[in-house]
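Everything on this sheet refers to the single structure shown next.
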2 protein chains.
Amino acid sequence: MTTSSIDQRVSLAVSTVIFALRPHPDTGLMTLWLPLVRRIREPYEGMWALPGGPLEADEDLAASAQHTLERTTGLAPNYLEQLYAFGNVDRSHSDTVGYRSSDRVVSIVYWALVRQDEVARAVDGENVEWFVADDLPPLAFDHAQIVDYALARLRAKITYTPIAHAFLPTEFTLADLRAVHEAVLRTTLDPANFRRQALATKTLVPTGTCLQGTSHRPPALFRFEAGAPTPAPEEQR
Amino acid sequence: MTTSSIDQRVSLAVSTVIFALRPHPDTGLMTLWLPLVRRIREPYEGMWALPGGPLEADEDLAASAQHTLERTTGLAPNYLEQLYAFGNVDRSHSDTVGYRSSDRVVSIVYWALVRQDEVARAVDGENVEWFVADDLPPLAFDHAQIVDYALARLRAKITYTPIAHAFLPTEFTLADLRAVHEAVLRTTLDPANFRRQALATKTLVPTGTCLQGTSHRPPALFRFEAGAPTPAPEEQR
DNA sequence: GGCACTTAATGTTGACGTGACTTTAAGGTA
DNA sequence: TACCTTAAAGTCACGTCAACATTAAGTGCC
């Protein structure tokens, strides 16, 4: 039915959408950011793209994502999950740009969350820059759609799974946790109701201590319940 | 950090977990079945495996899944969605069997649903056989885990998304729809409550007609609301 | 010290969804 | 006509949740 054309080969890449929280320069509000890498060769030379690279023959998929991440941005993610495998034939030149790559690329895309303090360690190198997730420049390939999908996934998953802690240090207040939700979902949440829901999940363990040094009633500190951070199905059992 | 060993290459395959409903031979109850293909070469020769094949260079991922499906089982799925990309290095010889394949295989796995009347068209060839999804023989590679994951996904998704209709013809009664849910989830559901929930989704359109020839009150017929059957993210927008 | 101010934490109330169950409707069959 | 079966609609108690109110516990200012 389908005869493979000789001048085209399928190669496999692993890319990652990495989310982090930082204050917005204008508003000062906590906002979702992600690091992008500037392409230094055709196609799409000079444009911004997701960090990624070819899959090495002796690397697991998730390991490949982590290695490229470490190599390009210096980041160690606190949460990593497979997003989707993008592999349509036309995706290299989907933006109607005249570029023609001889190789067809199938990208297995992961999405990752990093802690706020980890962001500080990030290498802001020559060709790596952070952008506001909801206000990105034009991206290479189909990476804009991929980011959209990752954003939708993050926003959906944070509402029914305790992944917000992946943005936070080991000890945090309920206000911290709520701030993460509000930043990700871009809404305000009722503190009282948020508390009730958060405590109902049973994934929060009170440390017994309170945060001191506030100019008001000191909030209780919590820790996230130990437990596997959503293992990939290949690692299950 | 990682030097690719010379004797190993990464190749890409697309496989599919196909679900269909048939009465169980013993109990007569509606049950989940899936077709498997007998392997005719090493590794795992003679064992049962998911239908699949190498990705052709000019084929989209979903198209590849559909083509292999058509080729091996003769089936045309009514629903097709990407499940996961399995690509760990050790997955070819994960069962401690002595087989050694020189190539490493990354499988992009889809899951599919076929209508009951479509199952009749299925080719029950020499090397294709249907099995009860929850009572499978030992499978080749890591396919048993893949099926488990697909089963979990199907059971989770049918509870919050209207995909049950993919098993049914265009017109059906609420009892038919409920029977699908009961077969997939292996439970009994309260008819009255199921009706309320089903109608609340607004995805069911009454045809106005009733099913005749029953030895009791004739049930109303419904049609599924037109609408894209969960497009893959690459096809969105 | 007393008061204003801020956030933490707890309580209250009404709307809504859901599971278990009951009642009525509409056919066929003995 | 009595009876059986399933369809379809209705009832009720319970739990969840958004919205709002109240109390608790600190700081800073006069």
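Since this is a predicted model, take the numbers as computed values, not measurements. Below, chain A is the first sequence line, B the second, and so on; all start at residue 1. Side chains included, hydrogens not; waters and symmetry mates left out as well; all remaining heavy atoms used.
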*Write down the distance between CG (A:Leu199) and P (D:dT16), rounded to a whole number of angstrom.*
14 Å
*Rounded to the nearest angstrom, tell me the gap between atom CG in B:Asp190 and atom P in D:dG10.*
16 Å
_5' precedence on DNA chain D between A:Pro218 and A:Asn193 (nearest-nucleotide basis)_ = A:Asn193
*Could you say whether A:His216 or A:Cys210 is positioned toward the 5' end of DNA chain C, judged by the nucleotide with the nearest heavy atom to each?*
A:His216
*Look at the side chain of B:Arg196 and the base of D:dA8, then say whether one donor and one acceptor between them are separated by less than 3.5 Å.*
no
*asked:* Rounding to an integer number of Å, can you tell me how far A:Leu211 CG sits from D:dA25 P?
replied: 17 Å
*Find the distance B:Phe194:CZ to C:dG17:P and express it as a whole number of Å.*
18 Å
*CG of B:Leu113 to CG of B:Asn78: how many Å apart, nearest 0.5 Å?*
8.0 Å
*Would you please confirm or rule out a distance under 4.0 Å between OP1 or OP2 of C:dG19 and any side-chain N or O of B:Gln197?*
yes
*Enumerate the residue pairs fulfilling side chain to side chain donor-acceptor pair (under 3.5 Å) with a member in residues 26-37 of chain A, sequence neighbours excluded, ordered by first and then second residue.*
none
*Using modelled atom types only, decide if a donor and an acceptor are shared between the side chain of A:Asp190 and the backbone of A:Asn193 within a distance under 3.5 Å.*
yes
_Spacing of A:Arg195 atom CZ relative to D:dA18 atom P, expressed in whole Å_ = 16 Å
*In whole angstrom, give the distance that lies between atom CG of B:Leu189 and atom P of C:dC21.*
15 Å
*Of all the choices, C:dC21, D:dA21, D:dA7, which nucleotide is nearest to the side chain of A:Ala192 once you look at every atom?*
D:dA21
_Counterpart residues, side chain to side chain donor-acceptor pair (under 3.5 Å), relative to B:Arg153 (two or more places apart)_ = B:Glu81
_Base, sugar-phosphate or nothing for A:Thr173? Non-hydrogen atoms, less than 4.0 Å._
nothing
*D:dA24 OP1/OP2 closer than 4.0 Å to side-chain N/O of A:Arg217*: no
